[in-house]
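Here is the naming used below: chain letters follow the sequence lines, and residue numbers restart at 1 for every chain.
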Amino acid sequence: MNFNYNYAPTPAPWCGYTNSVSLPNIPHCWHHSYNPACFCGGWECCPEQYSQYYSHYSAPYPNTDAMKRRSENSNNVEEPAKKTFWAAGLLAAMEDPQCIVKQDDKIVIIQDKYPKAEFHYLVLPREDISSINKLNREHLPLLEHMEAVGQEIAKEHPNHKFQFGYHALASMIRLHLHVISDDFNSLSLKTKKHWNSFTTSFFISSQDLIEIIKRDGKAKEISRSHAKELMDTPLKCHKCKMMLSNMPKLKQHLLVHRLKEKHATEK
DNA sequence: GTTCTAGAAC
DNA sequence: GTTCTAGAAC
């Protein structure tokens with residue numbers, strides 16, 4: 001992965017090491033639980049500091065070179081960049097063979113690191129498109145292709161229904177199409193925000209986005225305040241519209257549908 | 001995006 | 001007292 005200054009990776013705040021030259025090749029994907037874009041290399045560079053913040057993890061080995069660099073730079077600590085590093089996690093993941101499920105010359109498909117359902121893929125264009133804001137009519141063939149490969153991978157799970165769509169205000173850099181099974185059976189599905197991001201109008205179906213681009217020639221991310229309104233929507237089952245008062249109850253309720261569908265497919 | 005946790009809700 | 005979540009920190 002080549003370093004791209006547009007994404008302004010942030011040195012870990014506790015690490016004094018700053019580097020104004022260039023970032024070496026990034027050998028790891030974000031699955032290795034540290035900031036792949038950090039100048040200091042993430043927590044491997046600062047094991048003692050890392051364990052201070054995250055005592056339940058332990059550093060694999062002390063990186064003495066990095067500690068020395070940090071010491072040399074200790075009087076020259078730059079303010080961390082505003083753009084937070086985690087937002088660039090997808091860029092690292094789509095470069096890592098371990099993360100890639102499928103790819104072609106236009107797109108890369110990865111598994112969501114924190115799947116919100118039994119199957120949850122992300123289709124990312126190789127073209128540097130940061131978000132739906134950057135789309136225009138020239139991207140229509142790409143958007144159609146992204147959905148087509150998404151449909152293809154969904155077909156590998158014939159007992160599951162899938163949703164294909166984009167978040168109206170995405171957190172991660174690089175346009176990504178969610179391909180997610182509608183069971184929403186996952187330990188990583190925890191919060192109201194998770195739920196509402198897939199079951200309210202915050203989730204723009206792939207077909208809808210394509211129609212919007214065809215019609216208007218562009219699409220616009222929603223405002224933070226509108227996003228918050230949608231995230232605060234009361235919890236409602238996406239299948240039977242039943243209202244649930246909290247996430248544990250909602251997740252328990254989802255079991256009803258899972259059992260019902262399991263029964264139906266076994267008939 | 002996730003983790004963590006204070007304090008709200010029960 | 002326990003469960004749950006919102007918001008800050010990362």
Side-chain angles (χ1 to χ4, degrees), chain A residues 7-17 28-59 77-96 99 110-117 120-124 130-132 165-180 184 186-200 202-203 221-222 224-225 227-236 243-254:
Chain A
Y7 298 122
T10 314
W14 52 82
C15 178
Y17 175 49
H28 303 284
C29 82
W30 63 344
H31 288 195
H32 293 92
S33 63
Y34 70 89
N35 170 10
C38 175
F39 287 124
C40 79
W43 61 290
E44 275 187 275
C45 297
C46 307
E48 77 284 23
Q49 293 290 342
Y50 190 89
S51 34
Q52 182 187 326
Y53 280 81
Y54 298 98
S55 54
H56 50 293
Y57 294 122
S58 57
V77 179
E78 288 173 14
E79 284 294 313
K82 272 201 168 175
K83 179 88 70 178
T84 45
F85 67 84
W86 53 260
L90 295 179
L91 301 175
M94 66 187 293
E95 299 283 339
D96 190 315
C99 302
I110 61 172
Q111 269 182 303
D112 194 294
K113 188 187 176 190
Y114 297 94
K116 304 302 185 295
H120 188 181
Y121 303 99
L122 301 177
V123 184
L124 303 117
S130 58
S131 74
I132 59 174
Y166 301 83
H167 284 158
L169 180 62
S171 301
M172 309 289 280
I173 294 166
R174 185 58 59 94
L175 183 73
H176 52 284
L177 169 68
H178 290 271
V179 176
I180 184 166
F184 294 108
S186 168
L187 289 175
S188 295
L189 183 87
K190 295 174 178 172
T191 68
K192 193 173 190 176
K193 186 176 173 179
H194 291 154
W195 181 253
N196 283 335
S197 73
F198 290 103
T199 60
T200 67
F202 189 82
F203 190 81
E221 283 185 314
I222 61 173
R224 278 178 175 275
S225 60
K228 185 164 187 330
E229 280 173 29
L230 293 173
M231 294 302 104
D232 288 342
T233 305
L235 298 172
K236 182 166 44 169
M243 305 299 296
L244 286 306
S245 60
N246 61 36
M247 282 303 290
K249 285 177 185 162
L250 171 66
K251 295 191 70 163
Q252 193 177 18
H253 168 79
L254 293 178

Report summary line: Rounded to whole Å, the CG-P distance (A/L244 to C/dC4) equals 12 Å
Query raised in the report: A/L235 has an atom CG; how far is it from atom P of C/dC4, in whole Å?
Result: 12 Å
Query raised in the report: How many Å lie between CZ on A/F202 and C1' on B/dG1, as a whole number?
Result: 11 Å
Requested in this report: Kindly check if the number of other-residue, nucleotide or ligand heavy atoms within 6.0 Å of NZ (A/K236) is above 12?
Outcome: no
Report task. Look at all strands and tell whether A/K193 reaches a base, only sugar-phosphate, or nothing, counting heavy atoms closer than 4.0 Å. Result -> nothing
Query raised in the report: What residues form a side chain to side chain donor-acceptor pair (under 3.5 Å) with A/T199, not counting sequence neighbours?
Result: A/W195
Query raised in the report: For A/F85 and B/dT3, what is the distance between atoms CZ and C1' respectively, to the nearest whole Å?
Result: 11 Å
Query raised in the report: Among C/dA6, B/dT3, C/dG7, which nucleotide sits nearest the side chain of A/Y114?
Result: B/dT3
Requested in this report: Round to a whole Å and report the spacing from NE2 of A/H120 to C1' of B/dG1.
Outcome: 11 Å
Requested in this report: State which of B/dG1, B/dT3, C/dT5 makes the closest approach to the side chain of A/N246.
Outcome: C/dT5
**Report entry** Separation of atom CD in A/E221 from atom P in B/dG1, rounded to whole Å
**Finding:** 11 Å
Query raised in the report: Picking from B/dG1, B/dT2, C/dG7, which would you name as closest to the side chain of A/K228?
Result: C/dG7
Requested in this report: Using the test ring-ring contact (aromatic ring centres under 6.0 Å, His included), find all partners of A/H120 that sit at least two apart in sequence or belong to another chain.
Outcome: A/H178, A/F198
Query raised in the report: Nearest to the side chain of A/S171 - B/dT2, B/dG1, C/dG7?
Result: B/dG1
Query - Euclidean distance, atom CG of residue A/L90 to atom P of B/dG1 [Å, nearest integer] - result: 8 Å
Report summary line: Sorted by chain and residue number, the salt bridge (Lys or Arg N to Asp or Glu O under 4.0 Å) partners of A/K249 (sequence neighbours excluded) come out as none
Could you write out each protein N or O paired with an N or O of nucleotides 8-10 of chain B at a distance under 3.5 Å?
none

Report task. Describe the nucleic acid contact of A/H176 in one word from base, sugar-phosphate, nothing, applying a heavy-atom distance below 4.0 Å. Result -> nothing
Query raised in the report: Partners of A/Q252 by side chain to side chain donor-acceptor pair (under 3.5 Å), sequence neighbours excluded?
Result: none
Requested in this report: Check whether any side-chain N or O of A/H194 sits under 4.0 Å from OP1 or OP2 of B/dG1, and answer yes or no.
Outcome: no
Query raised in the report: A/Y166 OH to B/dG1 P: how many Å, rounded?
Result: 14 Å
Query raised in the report: Residues two or more places apart in sequence or in another chain: which of them pass side chain to side chain donor-acceptor pair (under 3.5 Å) with A/D232?
Result: A/K228
Query raised in the report: Counting only side-chain N and O atoms of A/K190, is one of them less than 4.0 Å from OP1 or OP2 of B/dC4?
Result: no
Query raised in the report: Of the nucleotides C/dT5, B/dG1, B/dT3, which one has an atom closest to the side chain of A/M247?
Result: C/dT5
Report summary line: Rounded to the nearest 0.5 Å, the NE2 atom of A/H176 sits from the OG atom of A/S171 at a distance of 7.5 Å
